[in-house]
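Chain A is the first sequence line, chain B the second, and so forth, proteins listed ahead of strands; every chain is numbered from 1.
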Number of protein chains: 2
Amino acid sequence: MGLNIRKQQVLEAIVESHIITAEPVSSRSVARKYRLGVSPATIRNEMSDLEELGLIEQPHTSAGRIPSQPGYRYYVDRLMKKRFLTPREEKIVHAIFARKAKALANIIQCTINTVTQLTDYLVMLSGPQLENAALRKIKALPLTPKKALVVIMTETGWVESKMVDLPSGMTEADLAHIEDVLNTYFRGLTFPQISRTILHSVYDELIKQRLVLDRIMEIVEAVLQENTDTAVYLGGVHNILKQPEYSDIVKVRNLMSFIEEDAILRAILNKTGPEEVTVRIGREINYDPAAGYSVVSAVYSIRGNAVGTIGLLGPMRMDYARAVAVIEYITDILSEVLSKDAFF
Amino acid sequence: MGLNIRKQQVLEAIVESHIITAEPVSSRSVARKYRLGVSPATIRNEMSDLEELGLIEQPHTSAGRIPSQPGYRYYVDRLMKKRFLTPREEKIVHAIFARKAKALANIIQCTINTVTQLTDYLVMLSGPQLENAALRKIKALPLTPKKALVVIMTETGWVESKMVDLPSGMTEADLAHIEDVLNTYFRGLTFPQISRTILHSVYDELIKQRLVLDRIMEIVEAVLQENTDTAVYLGGVHNILKQPEYSDIVKVRNLMSFIEEDAILRAILNKTGPEEVTVRIGREINYDPAAGYSVVSAVYSIRGNAVGTIGLLGPMRMDYARAVAVIEYITDILSEVLSKDAFF
DNA sequence: GATTAGCACTCTTATCAAATGAGTGCTAAG
DNA sequence: CTTAGCACTCATTTGATAAGAGTGCTAATC
């Protein structure tokens, strides 16, 4: 779509004005506020063309124009200027993250709070996932005669622990043996790589300790499970209600009913691409009830391994330049903090 | 307040009708639907008296009556009939909880989902707290030369673990020694009981291992902290938006902005009394922005020790009989499941 | 040929008055 | 003590009108 300069300027004006006001944009206001040196009538002609091209649309005959989904897309891809946080904001964010190492849960909550303050959108964050992380070590530590603590460490530095019941008659030596075997077979593998074949060999070798082994494998699976099914953390629900489009209760209900479904949010976040920041507009989200929304999201990582996603959900009319700036900055910092804090 | 039988019947009719319809109740509809064998005019006289007593009120001159806060209170304390879940519902709940032992996070999420389905209110659940639990055992397990895993077990069966950095030159024997000393001093104490005095004795005894000890105490404190500041889990936000009172966006915003504040929800839940189920109506919640709501909540426990709270928040007009029945049943089941699942 | 002023036309929103109707309070009769 | 009857109040609905915003088109202008 090779738009001439002026058409681009008009489209840009319409998008940016609509982002600010949430109202349809009239030819007159474009001419007045964005000083293109032409009269409203000329703008009207350009608008007419843009509408023909499907980039803007008219809610009704006697209203101004609003950007269409392709219009926003065009804006995001070609017209939007890269923006940054103010030094002041950057300093605030840094200060929040600079405090001494925190528990994972704290870091997550902290991140959400920060982003909630920086934008007026809904913040979604999927927690670190072990899926791609290689196992570093498994330990089975006897605590009481009938209980042991299974500790699983990954290369990315996460440590998970769980209790297992021990069958009676099991000695510490047995446990140590199991530990050895597991480490030999599993070290360096990622969870998905621990295939049936490998499990079989392990079972063969440890045929005598079948009972405990079953329990331990249950644990390993549970840990894996918990981390792929990892919850999506939310923040800023009240934020999004500030947006004028949500003075309509029906829309709020629609929004609420799908943001309460963990599975849906996870699906939305998981489609985040590998690029620095992914912007999905309206139907591009590929989930009907979210058709009226947009999502700006990015992946954060621990020493290069993508482990989780953070995203903003807002109306299609969201301030993309701002959202992209915030998400970009936060994922950078978050990745940095997590990498530094890792446990080895 | 000794109301005669008929006044009680009228009040009951008004409360129950208003709970169902959310509309002011007219004398005519009371006479018609609740067959008291008297005419609307008589009901009107009774209503007039009830209004004088402050139990009901009129939104405006030509409207029916709605219960006032004291009116609901009177209803809850004296008129409301105890209700139970249907056998069908009980079976469903049981089925959900019957599955094999789950991770704590799953139990919580599971409980919330269940209650969300059973009612039309907002579900709040504060996770198990260690605060009142006595320490059973502390273990410091060397994992790598520079890291150890500190495991803290309580009498209620919870196990928490955290990594600590070891100062260089620290041997396994040193660690074992620290472990011994901590166990000697701390076993059987609850977290709040680990006072400064006790800490001092420990420090004296372990003066040489000051560095690690500092880290370990940090951990103990962090675990304590995390568990008193324990998050409040929410569910059913979309539920509450079904209530007709929340077709007003302003009310929704007010609600959202305070339910997103963990601290506030915690404060509300924490005021739950020791009785089987606590009902707080409107201003009784003692938090101004929640004055228009009611909370039905109860404490759940692990083998007799109260560890957390579950509550429903709804409009003052909420179906108290139903809410009480649900909360009572769920806390019973939850306590049972948690007690059975505990780790010793 | 591109730009613009001018004007008719469309559609939404605001406003107001009148009509409607639900519900009460009071009075007087049963 | 109860109740029928009626006047009165107040919120809500309805319809009609006016006001306003914005466009599209045409014809004049640069």
Phosphate OP1/OP2 of dG23(C) contacted by T61(B) side-chain N/O (<4.0 Å): no

Between Y34(A) and E16(A): side-chain donor-acceptor atoms closer than 3.5 Å: no

d(NZ, K7(B); C1', dC1(D)) in whole Å: 12 Å

S26(B) side chain near dA22(C) phosphate (N/O to OP1/OP2, under 4.0 Å): no

Any T42(A) side-chain N or O less than 4.0 Å from OP1/OP2 of dT4(C): yes

Value in whole Å for how far the P atom of dG22(D) lies from CD of E57(A): 17 Å

V25(A) or G37(B), whichever maps to the more 5' nucleotide of DNA chain D: G37(B)

Under-4.0 Å salt bridge between E284(B) and R73(B): yes

Euclidean distance, atom CD1 of residue I66(B) to atom P of dT24(C) [Å, nearest integer]: 13 Å

Atom-pair distance (CD1 on I43(B); C1' on dC26(C)), nearest Å: 18 Å

Check: Q69(A) side chain, R283(A) main-chain N or O, donor-acceptor pair, under 3.5 Å: yes

Donor-acceptor pair under 3.5 Å, S62(A) side chain vs dC11(C) base: yes

Whole angstrom value for the distance that separates P of dA22(C) from NE2 of H60(B): 13 Å

Touch class at under 4.0 angstrom, heavy-atom based, for S48(B) against every strand present: nothing

Side-chain N or O of R28(B) closer than 4.0 Å to phosphate OP1/OP2 of dA4(D): no

Note: K81(B)-E12(B) ion pair, threshold 4.0 Å (strictly below): yes

Main-chain N/O of S26(A) paired with R65(A) side-chain donor or acceptor, under 3.5 Å: no

Whole-Å distance separating the CE atom of M47(A) from the C1' atom of dT23(D): 10 Å

Nearest-angstrom distance from the residue atom CD of Q58(B) to C1' of dG23(C): 8 Å

Closest-nucleotide 5' rank along DNA chain D - winner of G64(A) and R6(B): R6(B)

Aromatic plane relationship, F258(A) with Y293(A) - under 30° parallel, 30 to 60° tilted, over 60° perpendicular: perpendicular

Salt-bridge present (E46(A), R6(A); N to O < 4.0 Å): yes

Rounded distance (Å) that lies between atom C1' of dG23(C) and atom CZ of R65(B): 9 Å

So which protein nitrogen or oxygen atoms get under 3.5 Å of nucleotides 6-8 of chain C's nitrogens or oxygens?
residue	atom	partner	partner atom	Å
dG6(C)	O6	R44(A)	NH2	3.4

